[in-house]
Amino acid sequence: MEEESQQGKERGCRCGRTKCLKQYCQCFRNDIRCTSDCVCSDCHNDGKHEEKRIEAIRHIRMNNPSAFKGTALELEDQEVTTPKGGKKTVRGCRCKRSKCQKKYCECFSAGIPCTSNCVCTDCAN
DNA sequence: GAGTTTGAAACT
DNA sequence: CAGTTTCAAACTC
């Protein structure tokens with residue numbers, strides 16, 4: 001009883017302003033659709049607006065060819081195998097206050113140490 | 001449970 | 001290209 005003791009499901013996003021059509025949304029970032037566990041409002045990632053979802057992706061890519069951090073961090077995505085058996089692609093974090101010791105860190109969240117692509121300050125990993 | 005903090009994405 | 005703002009989630013109280 002270490003983890004998985006809060007609610008046992010809550011794995012959905014709470015987006016309500018971006019409609020899960022931005023990288024802010026964990027679901028959208030993972031390229032997955034929102035589920036009943038999500039408590040997002042006006043969610044366009046529920047599959048009912050699949051066309052809108054794809055259009056939003058194109059819009060982001062059109063306005064931002066680099067999408068997000070990409071450029072300096074997406075040099076080489078590090079594929080790591082999590083203890084649970086799931087392979088996750090981590091690009092690199094930019095933590096400076098949490099020292100990559102909190103879930104805020106993309107690397108720590110994935111359960112792996114920071115890589116050379118990370119530009120974190122005082123990295124504890 | 002509500003509020004604060006942190007990191008990253010989006011916009012200017 | 002850099003800085004600022006916004007967004008959503010994590011963390012703290």
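First the proteins, then the strands, lettered A, B, ... as listed; each starts at 1. Given the structure is predicted, the values throughout are model-derived calculations rather than measurements.
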(request) Give the C-alpha distance, both sets of side-chain angles, the deciding distance and a yes or no for side-chain contact (heavy atoms from CB on, under 4.5 Å) between A:Ser98 and A:Cys105. (result) CA-CA 8 Å; A:Ser98 197; A:Cys105 179; over 6 Å; no
(message) Check this one for me: any side-chain N or O of A:Arg94 less than 4.0 Å away from OP1 or OP2 of B:dG7?
(response) no
(message) Side chain of A:Lys102 only, heavy atoms from C-beta on: which candidate in B:dG7, C:dA9, C:dC11 is closest?
(response) C:dC11
(message) Under the rule for side-chain contact (heavy atoms from CB on, under 4.5 Å), what residues qualify as partners of A:Lys96, not counting sequence neighbours?
(response) A:Thr121
Please tabulate the protein-to-nucleotide N/O contacts below 3.5 Å involving nucleotides 2-7 of chain C, giving atom names and distances.
residue	atom	partner	partner atom	Å
C:dT6	O2	A:Tyr24	OH	3.4

(request) Check the distance between C:dA10's C1' and A:Gln26's CD and give it to me in whole angstrom. (result) 10 Å
(message) Testing the basics here: between A:Ile112 and A:Asn125, what is the closest heavy-atom pair and its distance to 0.1 Å?
(response) O-ND2, 4.3 Å
(message) Rounded to whole Å, please give me the gap between NE2 in A:His59 and P in B:dA9.
(response) 17 Å
(request) Whole angstrom is fine here: how far is it from CZ in A:Arg29 over to C1' in B:dA8? (result) 7 Å
(message) Show the nearest heavy-atom pair for residues A:Gln101 and A:Phe108, with the distance to one decimal.
(response) O-CZ, 3.5 Å
(request) Among residues two or more places apart or on two chains, list those pairs meeting side-chain hydrogen bond (donor to acceptor under 3.5 Å, both in side chains) that have a residue in residues 40-58 of chain A. (result) none
(request) For A:Lys96 and B:dA8, give me the distance from atom NZ to atom P, rounded to whole Å. (result) 7 Å
(request) May I have the distance from A:Ile57 (atom CD1) to B:dA9 (atom P), rounded to whole angstrom? (result) 16 Å
(request) Output the distance between atom CZ (A:Arg33) and atom CZ (A:Phe28), rounded to the nearest 0.5 Å. (result) 13.5 Å
Polar atom pairs (N or O), protein with nucleotides 1-5 of chain B, under 3.5 Å:
residue	atom	partner	partner atom	Å
B:dT5	O2	A:Tyr104	OH	3.3

(message) Classify A:Cys13 by what it touches in the nucleic acid, base, sugar-phosphate, or nothing, heavy-atom distance under 4.0 Å.
(response) sugar-phosphate
(request) Check whether any side-chain N or O of A:Arg14 sits under 3.5 Å from a backbone N or O of A:Val39 as a donor-acceptor pair, and report yes or no. (result) no
(request) Calculate the interatomic distance between A:Gln23 atom CD and B:dC11 atom P; express it in whole Å. (result) 11 Å
(message) Less than 4.5 Å apart, side chain to side chain, heavy atoms only: is that true for A:Cys118 and A:Cys100?
(response) no
(message) Please report the distance, rounded to the nearest Å, between CG in A:Asp42 and P in C:dA8.
(response) 11 Å
(request) Test A:Cys20 against A:Cys27 for side-chain contact (heavy atoms from CB on, under 4.5 Å), laying out the working first. (result) CA-CA 7 Å; A:Cys20 305; A:Cys27 305; 5.8 Å; no
(message) Could you tell me how far apart A:Glu106 (CD) and B:dT6 (P) are, to the nearest whole angstrom?
(response) 17 Å
